[in-house]
Amino acid sequence: MNRLIRSEVFKLRTVWSTWLLVGLTAVLIAGLSALVAFVPHHGAVNFPAKGTAAWFDDLFSVMALAVDLALVLGAIMITSEFRHKTVTPTFLAEPRRGRMAAAKLVVALGGGLTLAVVAGAVALVYGLASVATGVGGIATMGTMLTEFRHVWPGVAAAAVLYGAYGVGLGALLKNQVVTIVVALVALAVVEPIVGAAVPSVGRWLPGYAAQALESVAASARMHAGFGAVSSVHLLVWWAGALVIIGYGVVLAALGSLTTLRADVT
Amino acid sequence: MATIEVQGLTKHFGSVVAVDGLSFSVDRGSVTGFLGPNGAGKTTTLRMLLGLVRPTAGQALINGVAYRDLPDPERTVGAVLESSGFHPARTARNHLRAVGMVDGIAAARCDEVLEQVGLAADGNRPVGGFSMGMRQRLELARALLGDPQVLILDEPANGLDPQGIAWLRNFLRWFATQDRVVLVSSHLLAEAAQTVDDVIVLNRGRMAGHGSLTELRQRATTTVRVRTPETDRLVSLLSEHGIQARHQSSDLVEAQGTTVEVVGRLMADNGLVVLEMTSAGESLEELFFQMTEGAQRFGAAGHPEPAPVVGPGPMPGGPS
Ligand SMILES: Nc1ncnc2c1ncn2[C@@H]1O[C@H](COP(=O)(O)OP(=O)(O)OP(=O)(O)O)[C@@H](O)[C@H]1O
Ligand SMILES: [Mg+2]
């Protein structure tokens, strides 16, 4: 299993699409942070005053984007095997297909963490710069670090688990474009609708489960830019984590029984 | 125990019967050609041997076990497959490293096999830029990674240049002399004839012939035509001795897979009159056609259907 995991890490390292996702994480988070940091709000109703704890909270919640990108990373890990027909050499080297899926699940956790670390680093640069320039005249290092510690662990946990969720979804759907579109449409469109219509069901969906993890600091969600203050009563953070793990494992298991079991011709 | 053993192997794809109750075995120290027209079921059989396609019935074993039960399978079996793929952005060397790592194959070995197939200078190029022949060479390199005992190759000459084909032929001969095993598919008997010791001919998923190339060559060159007034007696006499024979005209009999010597002696022993006897040559390729598409047309009854004479028609052979 160790060798399988090393091989999966190696595969990720040796294609540019992985580095594109890492770069995209950094660039998008830098951009969105700039939006929060530099766009003047003049005390509008929904925007906290600059330099306050709530403002830092907003600044850092941008990191949640890494969660969606972790999902894409996990999905690509498995669907690119089918897309480029590398499943043949992969299964020749490890014919016990469930083990291959398990190795990918494990490596996707690490992939999600990597994106969360990149996101955290970019967000911290903004945090430090805000403190250094004395944003709003009140920003302190203490406030900044406290808020970062509130937000980052939840984002990181969600990103880690979303990597595995992406592998599970990809194992089931097989097609790369379909998997990514289904995952993002479910998160950005379907879930908010379900959440608004039937909040008691919504809280069990992967997007709201991720929010439960991310919003330990009770921040507003800025997932993929689709910020929404919803009526959904989120699960406690650990239940959210278990729900995402559940989605990843159940989908991967379903995939192992269907797509992964299928003939490779 | 045979190295490769296939028993009652059957595969249905929906209503298509790709492989139909196929049984054969291949022993050490030989190159076996796996022949048959397009759609005969060669690829499907090889993929079942490699655990990539699940048989509908029967089993396919290597060293007595299913592929999936081999420890570090790449170290026992090397495979070249038609529709195997590469990530276009990954370099050739990294492709080999990623695959080899799973079975504990060292990075240095990747360079060795790249060298062997003539890709040493291209190892650090992304495979997306490779030509078809270069990809095929890389497939071969991957098959050799684990220094396997068994090679299973699906049309490995595809896309190779003449030097590549010559190299492959030599390599397979050398490989078999190491007391190892090669099973290699091809549609071209003439091409395979330069490399293989034994052949297995597949047609519509079934065994259409099995034997050593030497035997096949003998059969290939021996159709005996006899002119005699006693055609009925001759046909039944030959049939009694297990020789396939049929009336060609009122005084002509054609016997398959035998020699002038055998037929002549039989006729003399039984007091039959010989007016004329000739032995017609037949190329290996003709024999191959006869075993495959011919086998369907002539059927067991041995009566050829007249070929329709309407234009050039579609390309012969292939799946029907
Ligand atoms: N995945 C599949 N789905 C449906 N039918 C299939 C599939 N794979 C193979 N077949 C069918 O099975 C039969 C045997 O195909 P196979 O690829 O094994 O033939 P082959 O002998 O390798 O032919 P070729 O010389 O063209 O490579 C064909 O009728 C083919 O259409
Ligand atoms: Mg084929």
Check: At a heavy-atom separation under 4.5 Å, does B:Arg68 approach chain A through its side chain, its backbone, both, or neither?
Finding: both
Check: What is the distance from atom CG of B:Asp20 to atom CZ of B:Arg206, rounded to the nearest 0.5 Å?
Finding: 4.5 Å
Next item on the list: Give, as side chain, backbone, both or neither, the part of B:Leu50 having an atom under 4.5 angstrom from any heavy atom of chain A.
Entry: both
Check: Using a distance-only test with no angle check, is there a side-chain donor-acceptor pair under 3.5 angstrom linking A:Lys11 and A:Ser80?
Finding: no
Item checked: Selection from A:Lys85, A:Met1, A:Arg96, A:Arg3 maximising heavy-atom pairs under 4.5 Å formed with chain B -> A:Arg3
Note to self: Please classify the contact of B:Arg47 with chain A as side chain, backbone, both or neither, using a heavy-atom distance under 4.5 Å.
What the structure shows: side chain
Notebook entry, point to check: Is there a donor-acceptor contact under 3.5 Å linking the side chains of A:Thr86 and A:Glu81?
Noted result: yes
Item checked: Contacting region of B:Asp69 [heavy-atom separation from chain A under 4.5 Å] -> neither
Next item on the list: Among B:His87, B:Arg97, B:Glu74, single out the residue with the greatest number of heavy-atom pairs under 4.5 Å to chain A.
Entry: B:His87
Item checked: Contacting moiety of B:Tyr67, where chain A heavy atoms sit under 4.5 Å -> both
Item checked: Backbone N/O of A:Ala116 and side chain of A:Trp152: donor-acceptor pair under 3.5 Å -> yes
Note to self: Report which part of A:Thr90 has an atom under 4.5 Å of a heavy atom belonging to chain B: side chain, backbone, both, or neither.
What the structure shows: neither
Check: Does one side chain, of B:Thr43 or B:Asp154, offer a donor that lies under 3.5 Å from an acceptor on the other?
Finding: yes
Next item on the list: With a 4.5 angstrom heavy-atom cut-off, could you sort out which part of A:Arg83 is near chain B: side chain, backbone, both or neither?
Entry: neither
Next item on the list: Test salt bridge (charged side-chain N to carboxylate O under 4.0 Å, His left out) on A:Glu8 and A:Arg6 and set out the steps.
Entry: CA-CA 5 Å; A:Glu8 288 301 331; A:Arg6 274 183 41 225; over 6 Å; no
Check: Roughly how far, to the nearest 0.5 Å, is the CG atom of B:Leu144 from the SG atom of B:Cys110?
Finding: 12.0 Å
Next item on the list: Heavy-atom pairs under 4.5 Å with chain A are the metric here; pick the option from B:Asp72, B:Leu70, B:Leu145 that has the most.
Entry: B:Asp72
